[in-house]
Amino acid sequence: MNSDPGEAAPYRTIHSAVETEIEIKRSRFICFLTPVAEEDAARALIARARQLHPKARHHCSAFVLGARHEVQRTNDDGEPSGTAGAPMLEALLGAELSDVVAVVVRYFGGILLGAGGLTRAYRASVAESIGVARTVVRERRMSVVVSSDYPAAALLEAEAYRRGWVVVGTEYGGDVSMTLSIPPDQWGVLVERAAELTAGQAQPVVLGTHYVTLP
């Protein structure tokens, strides 16, 4: 079975939500940086920030989704066009993050910052949160089930741990069915080793592919 190297490329996101605040010329910029898996979740978090800070002047946002940054959205929320959402997005992309939403709530301090000042402020606000956040890597894995007798299952399990394949689950009956999570480029190795360890009895079956967060 062949795999698409581009499709299997890992990407970075953040482990958990963070909140930071900076002040520039008496304006407060509060950034909420949160991991998300889909657009609806990102928009719900943007709405949540509005609920938490109803008196703020602006609730600007940017989010990126997908292993290849396929989905990119920004919103200036009343700030001059291109001075908020775009620099926030640039900060996310510059850190090579995806599956993440940034919302920057601004309480106006009475001093105009100008287009350049706003751009720098919104970018800095997101960068501050990125600097605090713990980043993790997500990698595309293949879910595979291998069925064998009990002695061979013990050998397969030992092989899995030796090679860093994740044993997702094991079902015991007349035979043992072991579900493994492996890098797609390890498929050929699994097929070969399963055949060797089970005297050709085990035939790995692909259940599908998914992204997992690496430890």
Side-chain angles (χ1 to χ4, degrees), residues 1-18 33-42 45 63-72 91-102 126-127 129-215:
M1 173 175 291
N2 295 323
S3 61
D4 178 358
E7 184 176 295
Y11 67 95
R12 299 202 318 156
T13 187
I14 63 172
H15 178 267
S16 55
V18 297
L33 189 68
T34 312
V36 290
E38 55 188 25
E39 188 161 349
D40 286 347
L45 287 165
F63 58 87
V64 186
L65 303 172
R68 297 172 178 167
H69 305 151
E70 298 95 329
V71 178
Q72 301 178 18
L92 297 177
L93 295 176
E96 299 181 343
L97 295 177
S98 194
D99 286 1
V100 63
V101 56
V126 175
S129 284
I130 292 172
V132 171
R134 174 190 165 197
T135 59
V136 293
V137 174
R138 288 178 59 77
E139 182 177 88
R140 197 163 185 82
R141 291 291 179 100
M142 182 182 292
S143 292
V144 182
V145 64
V146 186
S147 297
S148 66
D149 59 25
Y150 279 71
L155 296 175
L156 282 168
E157 185 173 18
E159 183 76 4
Y161 285 117
R162 186 175 74 83
R163 293 185 177 273
W165 301 337
V166 178
V167 178
V168 177
T170 307
E171 295 183 5
Y172 299 94
D175 287 327
V176 179
S177 293
M178 187 181 307
T179 302
L180 303 173
S181 178
I182 68 171
D185 62 6
Q186 290 287 296
W187 167 253
V189 176
L190 172 60
V191 171
E192 180 181 337
R193 293 299 291 145
E196 292 173 354
L197 295 173
T198 67
Q201 295 179 4
Q203 295 293 326
V205 176
V206 177
L207 301 178
T209 58
H210 58 285
Y211 273 93
V212 299
T213 300
L214 302 182

Mind checking whether Ser181 and His210 have side chains closer than 4.5 Å, heavy atoms only?
yes
For the student: nearest non-hydrogen atoms of Ala91 and Ala127, plus distance:
CB-N, 4.4 Å
Are more than 12 heavy atoms from other residues, nucleotides or ligands located less than 6.0 Å from atom CD of Glu171?
no
Among Leu45, Asp99, Ile14, find the one that has a side-chain contact (heavy atoms from CB on, under 4.5 Å) with Thr34.
Leu45
Please round to the nearest 0.5 Å and tell me the distance separating atom CD of Glu196 and atom CD of Glu159.
8.5 Å
Among residues at least two apart in sequence or on other chains, which ones pass side chain to side chain contact (heavy atoms under 4.5 Å, CB included) with His15?
Arg134, Val136
Evaluation steps, side chain to side chain contact (heavy atoms under 4.5 Å, CB included), between Phe63 and Leu92:
CA-CA 8 Å; Phe63 58 87; Leu92 297 177; 5.5 Å; no
Under 3.5 Å donor-acceptor, Ser147 side chain and Ser177 backbone
no
Return yes when atom CD of Glu39 has more than 12 non-hydrogen atoms of other residues, nucleotides or ligands closer than 6.0 Å, and no otherwise.
yes
Quick one: CZ on Arg141 to OH on Tyr211, what's the gap to the nearest 0.5 Å?
12.0 Å
Side chain proximity check, Thr13 to Ser98, heavy atoms < 4.5 angstrom
no
Answer whether the closest heavy-atom distance between the side chains of Glu157 and Val176 falls below 4.5 Å.
no
Nearest heavy atoms of Thr198 and Ala152, plus distance in Å
CG2-CB, 3.6 Å
Is the side chain of Glu70 donor-acceptor paired with the backbone N or O of Arg68 at a distance under 3.5 Å, no angle test?
yes
Please evaluate residues Thr209 and Arg140 with respect to the criterion side-chain hydrogen bond (donor to acceptor under 3.5 Å, both in side chains), reporting the C-alpha separation (whole Å), side-chain torsions for both, the decisive distance (0.1 Å), and the verdict.
CA-CA 7 Å; Thr209 58; Arg140 197 163 185 82; 2.7 Å; yes
Taking every non-hydrogen atom, the tightest pair across Val18 and Ser129:
CG2-O, 3.7 Å
Derivation and outcome, side chain to side chain contact (heavy atoms under 4.5 Å, CB included), residues Ser148 and Leu156:
CA-CA 9 Å; Ser148 66; Leu156 282 168; 3.8 Å; yes
Let me confirm one number: the CH2-CZ distance from Trp165 to Arg193, rounded to the nearest 0.5 Å.
8.0 Å
Return the CG to CE distance between Asp185 and Met142, rounded to the nearest 0.5 Å.
9.0 Å
Taking all heavy atoms of Ile182 and all of Val144, pick out the closest pair and write down the distance.
CD1-CG2, 4.1 Å
Derivation and outcome, side chain to side chain contact (heavy atoms under 4.5 Å, CB included), residues Leu180 and Val167
CA-CA 5 Å; Leu180 303 173; Val167 178; 3.8 Å; yes
Would you check if Leu97 and Val64 make a side-chain contact, meaning some heavy-atom pair closer than 4.5 Å?
no
Nearest heavy-atom approach of Pro35 to Ser16 is CD-C, 3.7 Å
So, the side chain of Arg12 versus the backbone of Ala95: is there a donor-acceptor pair under 3.5 Å, distance only?
yes
